Amino acid sequence: MGLKIIDDIRKDYVCNLIRGGQRAEGRGFREYREISVDGDTIKRAEGSARVKIGDTEVLVGVKLDVGEPFSDTPDKGVIITNAELVPLASPEFESGPPNENSVQLARVVDRGIRGSEAIDLEKLCIEEGAKVWIVFLDIHILDDDGNLVDAAALGAIASLLNIRIPNERYGLTGENTLPMRETPVAVTMVEVEGNILVDPNFNEENAATSRLTVISNADGSLSGMQKSGSGGLKEEEIVEMVETGIEKAGEIREKYLSPL
Amino acid sequence: MGLKIIDDIRKDYVCNLIRGGQRAEGRGFREYREISVDGDTIKRAEGSARVKIGDTEVLVGVKLDVGEPFSDTPDKGVIITNAELVPLASPEFESGPPNENSVQLARVVDRGIRGSEAIDLEKLCIEEGAKVWIVFLDIHILDDDGNLVDAAALGAIASLLNIRIPNERYGLTGENTLPMRETPVAVTMVEVEGNILVDPNFNEENAATSRLTVISNADGSLSGMQKSGSGGLKEEEIVEMVETGIEKAGEIREKYLSPL
Amino acid sequence: MGLKIIDDIRKDYVCNLIRGGQRAEGRGFREYREISVDGDTIKRAEGSARVKIGDTEVLVGVKLDVGEPFSDTPDKGVIITNAELVPLASPEFESGPPNENSVQLARVVDRGIRGSEAIDLEKLCIEEGAKVWIVFLDIHILDDDGNLVDAAALGAIASLLNIRIPNERYGLTGENTLPMRETPVAVTMVEVEGNILVDPNFNEENAATSRLTVISNADGSLSGMQKSGSGGLKEEEIVEMVETGIEKAGEIREKYLSPL
Amino acid sequence: MKEGKTERKLIIDGKRMDGRGFEELRPLKIEVGVLKRADGSCYLELGDNKVIAAVYGPREMHPRHAQDAKMVVIKCRYNMAPFSVDDRKRPGPDRRSVEISKVSREALDPVIMKEYYPKMAIEVYVEVLQSDAGTRTAGINAASVALADAGIPMTDLVSSIAVGKIDGEVVLDLTGVEDNHGEADMPMAMIARTNTITALQMDGHLTKEEFKRGLKLAMGACHQIYELQRAALIGRYSKSEEREERKRE
Amino acid sequence: MKEGKTERKLIIDGKRMDGRGFEELRPLKIEVGVLKRADGSCYLELGDNKVIAAVYGPREMHPRHAQDAKMVVIKCRYNMAPFSVDDRKRPGPDRRSVEISKVSREALDPVIMKEYYPKMAIEVYVEVLQSDAGTRTAGINAASVALADAGIPMTDLVSSIAVGKIDGEVVLDLTGVEDNHGEADMPMAMIARTNTITALQMDGHLTKEEFKRGLKLAMGACHQIYELQRAALIGRYSKSEEREERKRE
Amino acid sequence: MKEGKTERKLIIDGKRMDGRGFEELRPLKIEVGVLKRADGSCYLELGDNKVIAAVYGPREMHPRHAQDAKMVVIKCRYNMAPFSVDDRKRPGPDRRSVEISKVSREALDPVIMKEYYPKMAIEVYVEVLQSDAGTRTAGINAASVALADAGIPMTDLVSSIAVGKIDGEVVLDLTGVEDNHGEADMPMAMIARTNTITALQMDGHLTKEEFKRGLKLAMGACHQIYELQRAALIGRYSKSEEREERKRE
């Protein structure tokens with residue numbers, strides 16, 4: 001905490017580049033870094049995905065367990081999303097209980113999945129009011145070079161697309177695949193020096209004062225949104241970000257989720 | 001923590017006044033500040049009361065829930081009293097789990113209600129050994145200008161006097177009013193410069209080394225007592241405080257609880 | 001934390017003595033301080049023992065309760081071992097949740113009892129999959145003059161040897177003595193200046209960089225081992241320590257556990 | 001969490017269940033300077049929401065290593081009283097309140113002139129006493145007024161409101177029932193004078209067009225709220241001045 | 001918590017269940033200097049209660065911002081061993097022990113000459129090894145002796161005992177059974193030489209007259225306890241001196 | 001915890017269930033420098049175990065009062081991802097991971113030249129991504145390589161492996177199934193070049209002779225692991241140098 005001199009220098013460097021119409025790594029303002037999605041890397045999980053966006057790396061694992069439904073939705077399964085910013089992933093992260101950044105990360109990813117009704121939770125009911133599947137979605141950050149949200153959200157939906165329900169472990173019968181209906185994709189943008197940049201890396205995140213995550217579905221509708229950072233945005237900037245977000249989400253869905 | 005110069009000055013000011021037979025606000029030594037009790041201000045609670053004693057302000061809310069009884073009292077309801085000294089209420093309060101002051105506050109209020117057997121807990125049994133009403137009594141401090149105990153205890157008993165039991169929410173039938181048998185009232189006094197002051201304000205609390213809370217019932221009997229502070233008291237001082245406490249409790253009961 | 005000058009001086013003193021073939025209190029390198037074991041000192045516990053090794057003093061209490069078995073061992077009782085390094089026992093201990101030293105202490109003692117299968121856990125099953133005896137083994141350190149592990153482990157096994165199972169409290173019938181099959185004894189050694197010292201006192205512990213605890217059974221077999229400290233040990237040192245550990249364990253078992 | 005929704009008509013004959021039109025705010029009541037110990041405070045009701053905000057500072061920042069040598073640090077804590085909701089809330093922060101505390105802080109941050117008080121802290125506390133959807137927006141509105149009441153140098157006030165979708169219609173300022181059975185909720189905050197958006201969240205399902213409409217609707221409502229915040233502060237100052245004058249007489 | 005009471009006779013033929021008279025203390029045993037590492041210590045049995053108290057300090061106060069520039073800070077922690085009660089107590093502080101720690105600290109505070117050690121801390125630890133009602137009074141008695149054993153400058157010792165009401169009678173020093181089935185419990189602490197009361201709590205139901213009677217009864221008992229505390233300390237010092245002398249021979 | 005064992009044959013026709021011989025390691029894969037933000041890092045697979053280790057520092061030690069004026073402080077945290085085990089692990093440290101963190105730190109400590117960085121801290125983080133018995137030894141191996149990758153001055157690498165007993169035989173490097181149904185598990189760590197043992201734990205039941213045999217077996221395996229660790233580091237440096245050279249051309 002507390003601005004350090006090196007942060008100022010990095011910030012100036014990023015801002016200067018951008019004023020000149022450039023980004024580090026020679027990327028365009030609307031261009032993502034290289035993305036890779038490796039599915040099913042973790043045997044112990046019912047589903048998993050390792051996502052890299054540039055040097056940012058996130059591992060998402062899904063475990064299923066049998067438990068009680070919430071009392072106000074007795075016929076529906078439960079999703080519990082958790083994010084750990086383990087100190088391995090960044091010199092800024094510290095050990096300890098979830099702080100506001102990891103809580104926000106988990107909640108934004110969770111909101112996208114709920115808002116789009118991606119999982120048909122009613123199909124996760126085993127016995128109304130008594131027994132449902134609990135879907136534990138755990139986001140484990142391995143390397144934070146910026147834009148954790150998009151990597152985590154992509155890892156989450158990729159993990160969910162290939163779940164085998166462990167009916168046999170609990171002596172149950174029933175479908176073994178998780179019923180998925182939608183593929184929400186998160187696209188995060190920042191505003192730096194009046195320009196909108198897609199997929200900010202770590203230095204760009206620090207140079208920006210406002211960030212907006214736009215989560216959208218296959219039909220171009222929105223299923224979640226979150227501004228963060230201590231800056232303000234104008235209506236027209238937000239509208240432009242929403243449109244860009246929907247467009248980029250389509251490209252990512254096509255390229256990385258369709259094959260799954 | 002740590003005495004600051006401003007605390008010393010305030011303390012001297014209070015002590016000087018008292019040596020001259022006076023109190024701030026022109027009050028007599030045995031006189032309360034202005035009291036107001038507003039019942040049922042919170043819709044979401046089964047009972048509530050907003051109590052002001054001078055500038056001290058406390059909001060007490062009671063929620064009822066169905067739960068299991070304690071194993072050693074299978075035929076009785078349960079009272080759980082909790083106090084939060086939220087940092088909104090005083091520059092001295094900090095966020096975090098209950099500290100010794102909030103624990104003591106909650107326990108003293110709780111003790112007065114239990115000691116007087118104010119609630120007929122047997123009537124809160126729904127099914128012996130299995131289901132009883134749990135009474136959550138939550139004390140929320142809004143402004144601490146001294147004597148939180150009396151305000152909290154008054155708010156607690158005032159909230160309890162007008163509870164509607166939410167039988168319908170749990171598909172139960174039965175009486176809808178909480179069975180109250182007694183109206184314990186707490187009266188707190190401090191000793192400053194050999195004088196006993198009723199209802200200390202914040203500055204008087206800090207100037208005093210000993211404080212005594214006396215909780216008494218309609219018949220003048222005692223149902224709880226607590227000394228606090230790092231000073232000592234003589235037998236005759238305590239006896240005088242107990243007598244004064246019983247007398248003032250009668251006045252408060254008459255004026256603020258009888259109408260409820 | 002952080003080496004203080006007085007620690008350095010004490011360390012030098014211990015090392016000098018040892019280089020001269022001596023130990024404080026005139027003990028031999030393979031000699032224990034005076035040991036005492038007082039059984040059944042705590043009425044509220046189902047079993048207890050107060051162990052002194054020199055000035056080190058540990059109180060171990062065992063409570064039994066009825067609870068659910070672990071799902072993977074439905075026909076077995078449960079042991080839960082806990083150690084509290086309460087700040088009463090040493091200027092180094094602090095209040096708060098268990099730290100790595102108390103966790104290690106509890107786990108090493110626990111491991112010795114499990115490894116030797118000292119308790120016949122199957123006999124603690126009341127109703128398979130539903131109800132078993134839970135054995136709470138609580139280690140309460142009272143005075144830390146070094147070698148807490150041996151004192152705690154001795155207190156644990158001594159407590160267990162005289163348990164009365166409180167069947168009547170739960171309306172059960174059955175044997176009233178805990179079925180014990182083995183008497184694991186822990187022997188801790190340190191290496192200082194190339195010498196192996198049995199039963200290090202507090203100063204010797206601080207002068208040593210490596211410590212090894214060897215837990216062994218009546219037949220001379222091993223049921224647990226733990227190296228700690230930031231130093232290294234050679235194979236031949238370890239083998240010597242293991243042999244010494246088994247030998248000393250036999251002596252302690254004979255002298256302090258046989259009478260129980 | 002939109003999953004709870006069951007089929008329930010929320011709009012009948014073009015009116016909402018509480019009789020409001022689609023673009024109508026709930027009644028808004030603002031009182032300034034309600035607490036003695038706090039440096040600034042505000043009590044606010046928005047329909048059935050009752051919140052109170054207090055501001056302390058600028059004062060010393062603890063722990064020291066979290067001080068900022070260039071500017072004041074803003075701390076913000078949103079908290080619900082246990083009795084403020086239908087099912088008693090366990091005391092202490094949960095994940096929801098941690099997130100709302102962050103969003104609220106970032107909503108207010110842009111208007112505070114932070115360079116005035118390097119190394120210090122300004123603490124903003126919001127307590128929800130009774131809730132009926134929209135507590136975070138009510139809290140931001142109250143906190144903004146409490147900051148002004150505390151005399152914190154600010155470039156402007158921040159105003160906040162939510163829009164949502166019920167029965168397929170984009171409407172302003174959802175109640176609890178509308179939120180539970182509705183299709184989307186979108187709280188935002190804005191510096192009204194400059195139309196700068198400082199907070200924005202969305203939860204549920206909206207088309208792009210609905211989103212744009214909702215954003216405009218919320219922006220319009222923030223202008224109304226801004227006027228009410230100003231009026232409350234002016235009322236407060238004129239009262240103080242009256243008192244001052246009476247003293248002088 | 002008096003609600004647990006069931007009808008059970010606690011007094012038969014004018015005697016209590018353990019044969020004591022109404023105004024009679026349980027056997028009290030005090031040992032001084034029982035721990036090596038602590039600066040001062042005391043083991044105390046009061047009937048079936050077994051407690052041990054240790055004192056550390058004066059030593060550096062952590063955290064620094066909690067130091068008091070004018071006097072020493074007293075810290076006090078009352079803790080029950082998990083096996084000290086019928087149902088195993090989960091380790092760590094609960095609300096009861098937090099309150100008792102505060103009451104114990106305030107009971108001892110008035111006799112400590114705090115201005116001698118500005119910025120420092122004195123730490124008092126009480127561990128309950130076996131409990132049978134009255135552990136807080138046993139703890140205060142032991143802590144007071146441990147403070148003296150540690151050489152902390154004190155104006156006097158503090159003595160502590162409870163009175164209560166069983167079967168309608170005011171009696172001294174309740175046992176666990178009496179406390180569970182009785183009508184009131186009132187622990188107090190006192191500086192015996194000056195009859196200054198430093199702790200007082202009441203729980204249950206007492207008339208004003210019963211209260212006055214109980215207070216006098218407790219005060220009398222504190223004088224007895226004071227003599228036993230002094231005797232234990234004198235025994236300790238004479239033993240140390242004997243040892244000293246033997247060394248010199 | 002050996003109590004879970006049921007009768008299950010783990011050795012058939014002199015071969016283990018995965019086809020290995022008694023003294024055979026599982027496949028070991030080591031990648032160096034896999035993380036961008038960490039100062040040093042290593043990804044390691046040992047059979048079905050997948051772990052990743054990162055090193056930060058030397059950097060400022062917080063909190064200050066825990067600094068050591070003479071040498072660097074080593075911190076070590078072993079953590080399991082919630083999805084790394086069969087039953088989801090609740091996030092955050094449990095007693096097992098607290099102990100393993102301590103054992104791992106003490107295993108690595110002897111090779112670090114700590115006097116180079118007084119008052120600073122070196123932080124070692126091990127994350128278990130997938131587990132199949134032996135995660136602590138995998139973690140120590142990875143951490144040792146990550147320390148070297150971070151350029152921390154070390155006298156040597158530390159290598160680690162477990163031996164155990166299954167169906168009465170002393171064997172190397174247990175799998176999860178072998179550990180659950182076996183009779184003993186003994187993880188150790190060693191500085192291979194000097195045959196200095198820096199970690200040793202034993203759990204289960206071994207005769208003295210089995211112990212000696214097991215220790216020798218583990219020591220031999222550590223020499224193999226040491227070569228693989230060195231090879232991975234050499235591979236890394238030669239790659240960096242290639243890159244350097246290509247740049248210069």
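Model, not experiment: these values are computed from the prediction. First the proteins, then the strands, lettered A, B, ... as listed; each starts at 1.
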In this structure, are over 12 heavy atoms from other groups packed under 6.0 Å from [X] atom [atom1]?
X       : atom1 : value
E94(C)  : CD    : no
E227(F) : CD    : yes
E254(C) : CD    : no
E236(C) : CD    : yes

Short side-chain to backbone donor-acceptor contact, [X] and [Y], under 3.5 Å:
X       : Y       : value
K102(F) : N101(C) : no
K234(C) : T194(F) : yes
E99(F)  : Q104(C) : no

Result of checking S116(C), S223(C), S221(C) against H205(F) for side chain to side chain donor-acceptor pair (under 3.5 Å)
S221(C)
Output the distance between atom [atom1] ([X]) and atom [atom2] ([Y]), rounded to the nearest 0.5 Å.
X       : Y       : atom1 : atom2 : value
E100(C) : I100(F) : CD    : CD1   : 13.0 Å
I238(C) : L200(F) : CD1   : CG    : 5.0 Å
M190(F) : L233(C) : CE    : CG    : 13.0 Å
R111(C) : D185(F) : CZ    : CG    : 9.5 Å

With chain C as the partner chain, list the residues of residues 73-98 of chain F whose heavy atoms fall under 4.5 Å from it, by residue number, and write 'none' if nothing qualifies.
R95(F), R96(F), V98(F)
Do any of residues 207-219 of chain F come closer than 4.5 Å to chain C, heavy atom to heavy atom, and if so which ones, in number order?
T207(F), K208(F), F211(F), K212(F), L215(F), K216(F), M219(F)
Please classify the contact of I215(C) with chain F as side chain, backbone, both or neither, using a heavy-atom distance under 4.5 Å.
neither
Please name the pair of heavy atoms, one in S228(C) and one in E106(F), separated by the smallest distance, quoted to 0.1 Å.
CA-OE1, 3.3 Å
Taking every heavy atom of P110(F) against every heavy atom of S230(C), the minimum-distance pair comes out as CG-O, 3.6 Å
Who among E122(C), E237(C), E243(C) has the most heavy-atom pairs with chain F under 4.5 Å?
E243(C)
Highest number of heavy-atom pairs under 4.5 Å with chain C: which of I197(F), T198(F), D109(F), T196(F)?
I197(F)
Let's go through D8(C) and K70(F) carefully: what are the C-alpha distance in whole Å and the side-chain angles of both, what is the deciding distance for side-chain contact (heavy atoms from CB on, under 4.5 Å) to 0.1 Å, and is it a yes or a no?
CA-CA 12 Å; D8(C) 278 353; K70(F) 294 192 188 157; 2.7 Å; yes
Verdict with reasoning, E235(C) to N195(F), per side-chain contact (heavy atoms from CB on, under 4.5 Å):
CA-CA 8 Å; E235(C) 185 187 0; N195(F) 284 316; over 6 Å; no
